[in-house]
Amino acid sequence: MNNIWLVFKHEYSRHVLRKRFIIAVLSLPLMALVIIAASFLAVGSGYDGRPAGYIDQSGLFAHAQQLPVEKDEFMPPIQFRAYMDEAAAQADLENKTIQALFVIAPDYMESGNVQMIALDSPGSQVQSDFRSFLVSNLLTGKDPNVVDRLTKGSTLKIKNIEGSREMADNNFLAVLVPIIAGVLFMVSINTSGGYLLQAVVEEKENRTMEIMITSVSPAQLMAGKILGNLSVGLTQVVIWVLGGVAAINLLMRASPELEVGSLITPSYFWLIIGTFIPSFIMVAALMAAVGATVTETREAQQVSGLFTLPIFLPLWFISVIMSHPNGVLAKVLSIFPLTAPLTLPMRAVLTDIPALEIILTISLLILTAVVAIWFASRAFRLGMLRYGKRLSWKEVFRRA
Amino acid sequence: MEKMLLVLKHEFRIVVLRKSFFITLLLVPIIATIVFAIFGSLGGIEPTSAIGRIISSPEEVKPEGVIDQSGLIKSMMAGIEEDLILFPDEAAANQALQAGQIGSYYIIPPDFLQSGEITYLRTDFNPLGGMDRSGNLFAVIRHNLLIDDPQLLERINQPYNLEVTYTSQQPVRDTTSFVSFMVPYIVVMLFYMVILTSASMMLNSITTEKENRVMEVLMTSITPTQMLGGKIIALGLAGLLQTAVWMGYGYLVMVLSRSVIPELASYIFTPALLIWGVVFFLLGYAIYAALMSGVGALVPNMREASQATTIVIIPLVIPLFFINTLAEKPNGIISLVLSLFPLTSPITMMARLSTAIVPWWQLAISIALLVATAYLLIRAVAGMFRAQRLLSGQAFKMKLFLRALVGKA
C-alpha cells in the first residue's frame with residue numbers, strides 16, 4: 001500500500017506541478033474566450049447602424065412608428081426614414097447616409113411586393129428589421145395582447161406525461177450540458193490516457209522499469225500509475241467544472257432569462273458520475289495494457305487510437321442521437337461500453353430512459369472495467385520487461 | 001542548385017512511392033464518399049437511403065391533440081385537420097393518447113393571450129425532435145387571432161416579397177442561391193486543409209530524419225538552404241498532386257451522381273481562380289512548410305512536435321473564425337487586414353477572390369509580402385539546422401523558436 005502511494009505521488013506531482021499542465025488547464029477556457037470574442041467581433045463587424053429609407057407608394061405607412069429602441073442594446077434596431085420622391089432617396093443612397101432603400105408597391109396589401117435598392121450588400125440586420133417594422137405598423141390599433149402573440153409568438157413548455165420533467169423552449173442551453181460534459185470527459189481521458197501510456201512506455205524504453213521492479217511489485221506499480229494519471233485528468237476536469245459553474249453563475253446574474261433549469265437534477269448528476277468513473281478506469285486500464293505490450297512510443301499511439309476512436313464515435317452521430325433519442329442507433333450506442341459514456345448522458349437529457357436500461361449499461365461498464373484491469377495487470381506482468389518484440393494479444397490470454 | 005535538385009528528386013520519389021501516401025490518396029476520398037452518403041441520407045424526418053433507414057428508423061408520425069382552454073381557437077385551418085385534433089378537455093386527450101390515436105398534445109391555458117405560454121405533453125419527452133411539428137399549431141393560432149382579416153394575416157405571415165437590386169459596379173454575392181452562397185466556405189476549407197496537410201508532411205519528414213540521425217550525415221555534404229529548398233518544393237509538388245487527385249475525384253463523383261454540385265464546380269473552377277489558387281497555395285505552403293521545418297529542427301521527437309505545431313498553425317486558423325465576415329463583406333476592413341498579413345493572407349485572399357473583385361494593388365501587395373516573408377523565413381529556418389540544435393534534444397519552447405528565427409540562439 002505504501003508503495004502504491006509512493007508511485008501515485010510521483011506520477012501525480014510529476015505532471016501537475018509542471019508549467020505545461022497549468023498551460024494545458026488554462027488553454028481550454030482561453031480558447032473558449034477567444035472563440036466567443038471572435039464571433040462577437042464577426043457579428044459586430046456585420047452590423048451597420050445607419051438608417052434605411054423607404055418610399056411608401058401604398059399609403060399604408062404614412063404615420064409609421066419606428067421600432068422601439070431599448071437602452072444599452074448591443075445592436076439597436078435600424079431606423080427607417082420616409083422619403084416622398086425617389087430622387088432624394090437615391091441621392092442619400094449615393095452619398096451613403098442611408099444603407100438601403102425600400103420601395104413599397106402600391107398593391108402591397110394584396111401582393112406584398114417590396115423592392116430593395118442598395119449600393120452593395122447592406123448590413124446583415126436591415127432586412128429582418130424592415131420586416132419587423134412592416135409587421136408592427138400593420139398591426140397598429142390592435143389589442144396589444146394580440147399584437148404580442150402575433151409578433152413574439154408563444155413559448156412552448158415541454159413536459160412528459162407523468163409531469164416529472166419539463167423544459168421550456170427558451171432554456172436550450174441545457175441541451176449543451178451533456179455535450180460539454182462529454183467533451184470534458186474526452187479531453188480528460190485523452191490527457192490522462194496519454195500520460196499513462198507515455199509513463200509506461202517511456203520507463204520501459206529507458207529501462208527505469210527494470211530498477212523499479214526490484215523494489216515494487218508489478219501490481220503495485222501499475223495501480224499507482226493508473227491512479228496517479230487518472231487523478232491528473234480528474235484534477236483538470238474538476239478545475240474546469242468549478243470554473244464553468246462560476247462562469248454560469250456570473251452569467252445567470254447578468255442575464256436572468258437564461259435558465260439551465262430543472263435538468264441538472266441530483267439524479268442526473270449521479271448518472272454522469274456513475275458512467276464516467278467506470279469508463280475512466282476502463283480506458284486507463286486499456287491504455288496501461290497497450291503501454292505494456294508495445295515497445296515504442298509511436299507504436300503505442302497508433303494502437304491507443306483504436307480505443308479512443310469508438311469513444312468519439314457518438315459525436316459523429318450527434319444529430320441523429322439528439323433527434324431520435326429512442327432510435328435503434330442511440331440505444332445500441334448507449335449500451336456498448338466504449339460509446340456509452342458519451343451517449344447515455346446525452347440521451348438522458350432528451351428522453352426518459354427506463355431504469356433497467358441504465359442499470360444494464362452501468363453494470364456492463366463496471367464489468368468491462370474489471371475485465372480491463374485484469375487484462376492490464378496480466379499484460380503488464382508479461383510485457384513489462386520485454387524489448388524488441390511486442391507482446392501479442394494471444395500470449396496474454398494463453399497463459400491465463 | 002544541383003544538390004537541391006537531387007534532394008528534390010529523392011524526396012518526391014520517397015513521398016509519392018510511400019505506401020501511406022498511396023493509401024491516403026485513395027482512402028480519404030473513398031471514406032469521404034461513404035460518410036457523405038450515409039450522413040447525407042440521415043437528415044430530415046425521412047432518411048432516404050437504406051443505411052440511413054437502419055441507423056435512424058423513421059418514427060411513426062401520429063396526429064397531435066389540442067386542448068383549448070382559452071376559447072381562442074374557433075376554426076381549424078384547411079389542410080391540417082388530420083394532423084391537429086381538437087379535444088374538449090384533458091381527460092379526453094389522455095384517453096386518445098392511451099388508445100394510440102395521438103402521440104402528444106398541447107394545452108392552451110385560459111390566460112394564453114396575456115402570457116403566451118403553451119404546455120406540450122409528449123410520452124417520450126424528447127424536446128429537440130419533438131419541436132419540429134409545433135409550427136402547425138402556431139399557424140392555427142395566428143389564423144384565429146386574425147380571423148376576420150385574412151389579407152392582413154397573409155401579410156403577417158409573409159411581410160414581403162423582396163426584390164433586390166444593387167446599384168454599385170461590384171458584383172454582389174447572391175445569398176439566396178445556395179451555390180454562390182457556399183463557394184467562399186468551400187474554397188476556404190479546401191485551402192486550409194491542403195496547406196495544413198502538405199505542411200505537416202514537411203514536419204514529418206524533418207523530424208523523422210532528425211530522429212534517426214540521417215540529418216547529421218546529410219548536413220556534412222549539403223547546406224541547410226539547399227536541403228530545405230529541395231524538400232519544400234518536392235513536398236509542395238506532392239501536396240499539389242494530392243489535391244489535384246482529390247478534387248478530380250470529387251468532381252467525378254459529383255458529375256456521376258448528377259447533384260447540383262457541377263454548377264458549384266463551374267463557380268470554383270474558373271481559370272482565374274485556379275491560377276490565383278495555385279499561386280497562393282504555393283506561397284502559403286512555403287511559409288507554413290518553413291515554419292514547420294523550424295519546429296521540426298528544434299523538437300526532440302515526434303510527440304513534442306505535435307504540441308508545438310498547434311501554436312504555429314494558429315494564424316492559419318484565424319481566417320476560419322471570420323469566415324462569415326469574409327463572405328459577407330469581402331472588401332471590408334477585417335478582410336483587407338487579414339488578406340495583407342502574410343500568415344493569414346493565402347486563405348483570406350482566396351475567400352475574397354471567390355466572392356468579389358479584389359483591387360489589383362491589394363493582390364500585388366499581398367503577393368509581394370508573401371514572397372518576402374517566405375524568403376526570409378526559409379533563410380531564417382535554414383539557420384536553425386546547426387549541429388548543436390540538431391543534437392541537443394532539449395524540449396521545444398516557443399521562446400527558443402522565436403529567438404532562433406531571428407538568429408539569436
Side-chain angles (χ1 to χ4, degrees), chain A residues 35 38-39 41-43 45-46 93 108-121 124 127 130-131 134-135 138-139 143 145-146 148-150 152-161 165 167 169 172 175 198 297-298 301 317 319-320 322-329 350-352, chain B residues 35 42-43 54-57 59 94 97 106 112-114 116-131 134 138 141-142 145-146 151-152 154-156 158-168 170 172-173 175 301-303 318 321-322 324-325 328-329 331-334:
Chain A
I35 291 175
S39 47
L41 194 61
V43 171
S45 70
L93 194 63
Y108 168 74
M109 207 57 201
E110 291 81 48
S111 66
N113 283 341
V114 172
Q115 200 193 3
M116 181 177 106
I117 305 165
L119 277 181
D120 46 27
S121 48
S124 50
Q127 290 195 13
F130 188 64
R131 200 197 294 250
L134 287 180
V135 169
L138 282 173
L139 291 174
D143 174 9
N145 277 331
V146 172
D148 265 3
R149 291 292 74 73
L150 284 169
K152 290 185 193 146
S154 357
T155 44
L156 269 191
K157 198 185 277 173
I158 292 201
K159 283 186 180 174
N160 63 350
I161 294 294
R165 314 188 43 182
M167 176 172 176
D169 58 359
F172 264 76
V175 177
Q198 193 182 323
T297 320
R298 196 180 304 178
Q301 274 169 348
F317 293 100
S319 67
V320 185
M322 292 221 137
S323 54
H324 303 273
N326 282 322
V328 180
L329 180 81
L350 295 175
T351 186
D352 283 332
Chain B
V35 168
L42 283 184
I54 292 171
I55 290 180
S56 71
S57 49
E59 278 158 28
N94 248 327
L97 193 74
Y106 300 93
F112 167 72
L113 214 51
Q114 285 82 42
E117 275 172 18
I118 298 176
T119 308
Y120 181 34
L121 282 112
R122 285 178 67 90
T123 40
D124 64 346
F125 196 50
N126 193 2
L128 274 193
M131 293 278 190
S134 43
F138 296 150
I141 289 175
R142 278 199 301 271
L145 281 172
L146 290 175
Q151 204 170 47
L152 185 59
E154 201 185 317
R155 283 288 72 74
I156 301 298
Q158 193 205 5
Y160 55 55
N161 298 313
L162 198 63
E163 186 194 325
V164 182
T165 354
Y166 294 114
T167 50
S168 79
Q170 272 280 344
V172 174
R173 202 163 61 109
T175 41
N301 54 43
M302 264 320 261
R303 198 177 55 239
I318 289 175
F321 282 140
F322 291 100
N324 275 321
T325 319
E328 267 159 32
K329 294 235 179 256
N331 286 328
I333 183 81
I334 289 186

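All heavy atoms count here, side chains included; hydrogens, waters and symmetry mates do not. Every chain is numbered from 1, with letters handed out A, B, ... down the list of sequences.
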A.B. asks: Answer with side chain, backbone, both or neither: which region of B/Leu97 has an atom nearer than 4.5 Å to a non-hydrogen atom of chain A?
C.D. replies: side chain
A.B. asks: Which heavy atom of B/Pro159 sits nearest a heavy atom of A/Arg131, and at what distance?
C.D. replies: CG-CG, 3.2 Å
A.B. asks: Of all heavy-atom pairs between A/Arg149 and B/Leu113, which one has the smallest distance, and what is that distance?
C.D. replies: NH1-O, 2.7 Å
A.B. asks: About how many Å separate CZ of B/Phe138 and CG of A/Leu150, when rounded to the nearest 0.5 Å?
C.D. replies: 13.0 Å
A.B. asks: Of all the heavy-atom pairs spanning B/Glu117 and A/Lys157, show the shortest one and how long it is.
C.D. replies: OE1-NZ, 4.1 Å
A.B. asks: For the candidates B/Leu152, B/Ile334, B/Asn94, B/Ile333, which exhibits the highest count of non-hydrogen atom pairs separated by less than 4.5 Å from chain A?
C.D. replies: B/Leu152
A.B. asks: Please state whether the side chain, the backbone, both or neither of A/Asp148 comes within less than 4.5 Å of a heavy atom of chain B.
C.D. replies: neither
A.B. asks: Under 4.5 Å, counting heavy-atom pairs only, tell me which of A/Leu138, A/Leu139, A/Asn145 racks up the most with chain B.
C.D. replies: A/Asn145
A.B. asks: Measure A/Leu134 against the heavy atoms of chain B and call it side chain, backbone, both or neither at under 4.5 Å.
C.D. replies: side chain
A.B. asks: Less than 4.5 Å to any heavy atom of chain A: does that hold for the side chain of B/Gln114, its backbone, both, or neither?
C.D. replies: both
A.B. asks: Give me the atom names and distance for the closest heavy-atom approach of A/Glu110 to B/Arg155.
C.D. replies: O-NH1, 3.3 Å
